[in-house]
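This report concerns only the one structure given below.
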Protein chains: 2
Amino acid sequence: MTPPVHLSLAGQAVDVLRDLVLNGEIPPGTRVNEVELAARLGISRGPLREAIRHLASEQLLVLVPHRGAHVPTATAADVAALFELRTALECAAAELAAARRTDADVARLSAVCAESRRTHHSGERFPHHLDLAFHRALLDAARSPHIAEQVRLVQQRVVLLRSGLADDPPHQRASLDDHDALVTAVAAGDAEQATAVMRKHLARVRAQMLTALRP
Amino acid sequence: MTPPVHLSLAGQAVDVLRDLVLNGEIPPGTRVNEVELAARLGISRGPLREAIRHLASEQLLVLVPHRGAHVPTATAADVAALFELRTALECAAAELAAARRTDADVARLSAVCAESRRTHHSGERFPHHLDLAFHRALLDAARSPHIAEQVRLVQQRVVLLRSGLADDPPHQRASLDDHDALVTAVAAGDAEQATAVMRKHLARVRAQMLTALRP
DNA sequence: GGGTTGTTAACTGTCGACAGTTGGCAGCGG
DNA sequence: CCGCTGCCAACTGTCGACAGTTAACAACCC
């Protein structure tokens with residue numbers, strides 16, 4: 001029932017370290033000490049090093065020769081460049097989803113949208129995990145494992161960049177509308193419309209992140 | 001002059017191992033023995049393991065717990081799924097290139113095309129490295145480092161899958177025409193046309209690889 | 001006093017060795 | 001003759017220790 005059930009210490013360390021980075025317990029800019037972290041995780045430096053390199057390949061850590069690893073800090077240029085990649089990938093996913101979706105896919109997407117609106121209306125907070133769930137459901141509908149994997153990696157980076165950034169209720173409401181429009185386009189099998197909506201949606205998210213990054 | 005100038009043994013091992021895999025010196029399906037390869041490279045197992053994990057993150061190797069790493073074998077389904085990702089990335093690159101290209105970019109692209117035609121006419125072989133050079137020049141014109149990096153990884157996998165596959169002169173000529181059409185569209189700044197040509201080009205390459213994979 | 005150089009401590013990069021697991025092979029029983 | 005069980009070799013996973021490098025601090029010279 002737990003998908004990431006790694007037997008090796010290195011595999012476990014990857015998951016633990018990933019959570020530490022994404023949850024902000026190792027804030028951006030912090031250097032990672034191998035011996036200290038190895039002791040904290042109760043493992044040796046060998047597996048930990050493999051885990052660090054793995055996270056670096058996911059770009060959740062930055063390696064500097066002879067100076068160890070540190071969590072990257074958010075840059076405006078980084079956000080812009082990253083969203084170019086995200087747009088390319090998720091627009092393609094939206095296009096494929098519109099062409100391949102089943103009724104079950106549409107039902108799942110609608111369910112996530114409904115759940116999002118409910119929590120937004122009641123608690124007035126749009127939890128990010130529901131946003132991620134929506135984009136993941138769209139990826140499932142696209143049925144393209146390689147694209148899905150790459151989107152997962154990019155979204156991880158977005159989560160890291162977004163950590164510590166303020167929320168913006170009007171933006172969240174607009175995102176909900178975008179999601180609804182996406183479901184409509186996908187349900188109708190309108191690939192062109194789906195990509196157009198996705199492009200607009202990501203442009204909005206990108207703009208919100210850039211403005212939240214300024215002060 | 002040599003960009004990948006790694007100081008660490010692990011970094012060097014990554015480059016050596018990558019060449020070994022891409023040049024077919026470790027054929028697909030072959031298992032990699034850590035102690036043997038470490039001795040062959042004159043290094044210890046530690047750095048080699050890090051190199052192996054790195055190549056696995058680039059999907060040039062497949063890791064099986066307690067059974068080591070092996071070079072993946074080409075599957076038709078794999079080619080299809082991979083080209084979905086490649087299409088998404090390179091179409092976006094073509095679109096950005098059309099919007100951002102400079103005269104120098106166009107000159108470089110034209111030069112690569114001319115060189116390709118010359119070798120094709122004289123030696124009747126269309127060297128793959130010129131094909132790669134063209135796509136790389138297009139990426140430079142797109143000026144999107146993240147997309148460029150991902151395309152580089154995908155193209156590596158394509159090279160691996162294509163290793164051992166027969167060439168097809170008519171297909172090569174069509175590819176040359178595609179490249180010329182791409183240069184024209186990019187030079188004209190016609191993003192829509194550039195993505196359309198790229199999509200068609202990649203569909204052709206994908207079809208050629210799938211037919212060459214059948215027997 | 002500012003800049004430079006020598007020193008030192010901390011950390012990464014690397015190595016060799018040990019332990020645990022896997023797959024194959026031989027021997028045994030049916 | 002076929003299937004099963006127990007052993008064995010080979011390999012991976014992990015650990016602790018050593019060597020090389022970096023950066024900061026302190027002493028020294030100008």
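Heavy atoms only: backbone and side chains are in, while hydrogens, waters and symmetry mates are out. Here is how names work: the chains are called A, B, and so on, in the same order as the sequence lines, proteins then strands, and each is numbered from 1.
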5' precedence on DNA chain C between B:R45 and B:E50 (nearest-nucleotide basis): B:E50

Does a salt bridge link A:D178 with A:K200, judged by any charged N lying under 4.0 Å from a carboxylate O? no

Whole-Å distance, B:E34 CD to D:dG13 C1', equals 9 Å

NA contact type, B:R67, heavy-atom cut-off 4.0 Å: base, sugar-phosphate, or nothing? sugar-phosphate

Does B:R53 place a side-chain N or O at less than 4.0 Å from the phosphate oxygens OP1/OP2 of D:dG13? yes

Please state how far atom CZ in B:R49 lies from atom P in D:dC15, giving the value in whole angstrom units. 11 Å

Between C:dT14 atom P and B:Q12 atom CD, what is the distance in whole Å? 8 Å

Given atom CG of A:L48 and atom P of C:dC11, what is their separation to the nearest angstrom? 14 Å

Distance in angstrom units between B:H66 NE2 and C:dT21 C1', rounded: 6 Å

Earlier contact from the 5' end, DNA chain D, for A:G46 and A:R31: A:G46

Between A:H201 and A:H135, what is the ring plane arrangement, given parallel below 30°, perpendicular above 60°, and tilted in between? parallel

With DNA chain D as reference, determine whether A:P47 or A:P65 sits nearer its 5' end, using the nearest nucleotide of each. A:P47

Can you identify which nucleotide, out of C:dG13, D:dG13, C:dT14, has its nearest atom closest to the B:A10 side chain? C:dT14

Could you check which of D:dT14, C:dT21, C:dT12 has an atom nearest any side-chain atom of A:V35? C:dT12

Output for pair (A:S116 OG, A:Q172 CD), nearest 0.5 Å, gives 10.5 Å

Measuring from atom CG of B:D168 to atom CD of B:Q208, what distance do you get when rounded to the nearest 0.5 angstrom? 5.0 Å

Length of the CD1-C1' vector between A:I52 and C:dC11, whole Å: 12 Å

Output yes when a side-chain donor or acceptor of B:R214 lies under 3.5 Å from a complementary backbone atom of B:A76, and no otherwise. no

Nearest-angstrom distance from the residue atom CG of B:L9 to P of D:dA19: 16 Å

Between C:dT12, C:dC15, D:dT12, which nucleotide has the shortest distance from any of its atoms to the side chain of B:N33? D:dT12

What's the CG-P distance between B:L37 and D:dT12, to the nearest Å? 10 Å

